[in-house]
Amino acid sequence: MRRRAVLSCLALLAGALASAHAQEGAKPPFVFTGIPDQDESRLVERFGKVATYLEGKLGVPVRYIPVKNYPAAVTAFTNGQVQLAWFGGFTGVQARKAVPGSQAIAQGAEDAAFKTYFIANAATGLAQGADFPKAIAGKTFTFGARASTSGRLMPEHFIRQAFPGKTPEQVFSRVGFSGDHSRTIQLVQSGAFEVGAVDYSVWDLDGKAGKIDQKAVAVIWESPTFPDYQWTVRGDVDKTYGEGFTEKLRAALVGITDPAILEPFGRSKFIPVDNAAYAPLIEVGRSTGLLD
């Protein structure tokens, strides 16, 4: 009886050890986020589908966590709360600067040559033209989020080029920050601001969704192109999830072909990219004083 009891205890111990080892070998969930650049319901649709897709491709649990604003996305990445993020061009630059070894691995095909739309309320009488609309001087103007590439960094760059030696606060009668592109459109459409800067892809998506009154607000200028959004991954993921994980992740993102995943991004596909592609934004960030 004693021998049976000992064997039974040994069997239980062996089972417990095996379970502990299995738990040790289990990979932690792979967590990602994205900048909240537009309508929250669209973000949930967009990133929920990405999480399901990546989980099937990577063989580890994948979780999406929302953040409240652009800086929160960078902070979550910097602190290791997330291993991957869909950043704007400038937030990606900020995140990679804060986390040495992190890499931009994929961007939308459209992100290699992105653009900003300047939009105006119809009451301003401003019309679309090929040249920078200098008649916006003296009007009320809203950027998007403070760290937005297409909603703040590049528009401010173009404004400073058009009005040498002047800041936006010196050019406009009032300057605001909407927080996201969809909000920018609504503020200009309502007349709360006369002019604003917006991500062209969000303008297109909101237009298709019937959220824009074309009689109340219109595009008055299309900017020169610049690099923008991208997926950036931390440099330590291979150590956590196994050698070659970063390249497996890149291949999974580039391999997305499902329109149901791509359409909420306003992208036709994702393509490979690297950190060097965003060097122009570092230069602009420093010239505008937005990057140390």
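For residues 111-120, the side-chain hydrogen bond (donor to acceptor under 3.5 Å, both in side chains) pairs, not counting sequence neighbours, are D111-R267, K115-E222. The list of salt bridge (charged side-chain N to carboxylate O under 4.0 Å, His left out) pairs with a residue in residues 130-142, not counting sequence neighbours, is empty. Residue pairs that meet the side-chain hydrogen bond (donor to acceptor under 3.5 Å, both in side chains) test with at least one member in residues 67-94, sequence neighbours left out, do not exist here. Counting only residues at least two apart or in different chains, salt bridge (charged side-chain N to carboxylate O under 4.0 Å, His left out) contacts with residues 83-110 are absent. The ring-ring contact (aromatic ring centres under 6.0 Å, His included) contacts involving residues 273-292 comprise nothing, where partners must be two or more places apart or lie in separate chains.
The neighbour count for Q128 CD, taken as heavy atoms of other residues, nucleotides or ligands under 6.0 Å away, is above 12. The environment of E169 atom CD is dense: over 12 non-hydrogen atoms of other residues, nucleotides or ligands sit within 6.0 angstrom. Residue-environment remark: CZ (R46) exceeds the threshold of 12 foreign heavy atoms within 6.0 Å.
Transitive grouping of hydrophobic side chains (ILVMFWY, heavy atoms separated by less than 4.5 Å) keeps F47 and L205 in distinct clusters.
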Handout entry: Step-by-step side-chain contact (heavy atoms from CB on, under 4.5 Å) determination, V175 to T142
Key = CA-CA 6 Å; V175 173; T142 182; over 6 Å; no

Practice task
Quick one: do K248 and L58 satisfy side-chain contact (heavy atoms from CB on, under 4.5 Å)? Show the steps, please.
Solution key: CA-CA 7 Å; K248 187 176 182 181; L58 300 177; 4.1 Å; yes

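Residues passing the ring-ring contact (aromatic ring centres under 6.0 Å, His included) test with F245 are F30, Y241, sequence neighbours excluded. Scored by the side-chain contact (heavy atoms from CB on, under 4.5 Å) test, P66 finds Y64 as partners (sequence neighbours excluded). Applying the side-chain contact (heavy atoms from CB on, under 4.5 Å) test to R250 and every residue at least two apart in sequence or in another chain returns Q103, I105, E247, V254, P272. In this structure, the side-chain contact (heavy atoms from CB on, under 4.5 Å) partners of A73, at least two apart in sequence or on a different chain, are T33, I35, V67, F87. Taking the side-chain contact (heavy atoms from CB on, under 4.5 Å) definition, one finds that Q189 meets it with Q186, I212, D213, A216, V217, sequence neighbours left out. In this view, K211 and D39 satisfy the salt bridge (charged side-chain N to carboxylate O under 4.0 Å, His left out) rule, not counting sequence neighbours.
Within the cation-pi definition used here (under 6.0 Å to the ring centroid, within 45° of the axis), R152 does not qualify as a partner of F90. A cation-pi arrangement is present between R174 and F193 under the rule of less than 6.0 angstrom and at most 45 degrees off the ring axis.
With contacts defined as side-chain heavy-atom distances shorter than 4.5 Å, the pair T225/F114 does not qualify. With contacts defined as side-chain heavy-atom distances shorter than 4.5 Å, the pair L84/L54 qualifies. Between T149 and L281, the closest side-chain pair of non-hydrogen atoms falls below 4.5 Å. Side chains of E194 and F141 form no contact here, defined as non-hydrogen atoms less than 4.5 Å apart.
Within the 6.0 Å centre-distance limit, the rings of F118 and F132 are counted as a close aromatic pair.
Remark: R42 engages D206 in a salt bridge, criterion side-chain N to carboxylate O under 4.0 Å.
Within the model, atoms CG of D180 and OG of S148 stand 9.5 Å from one another, a figure rounded to the nearest 0.5 Å.
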Please output the side-chain donor-acceptor pairs of residues 256-264 that fall under 3.5 Å, not counting sequence neighbours, one pair per line with the distance.
{"from": "D258", "atom 1": "OD1", "to": "A260", "atom 2": "N", "distance (Å)": "2.9"}

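Side-chain atoms of D199 come within 3.5 Å of backbone atoms of V202 as a donor-acceptor pair (strictly under, hydrogens ignored). A donor-acceptor contact shorter than 3.5 Å is absent between the side chain of E156 and the backbone of L153.
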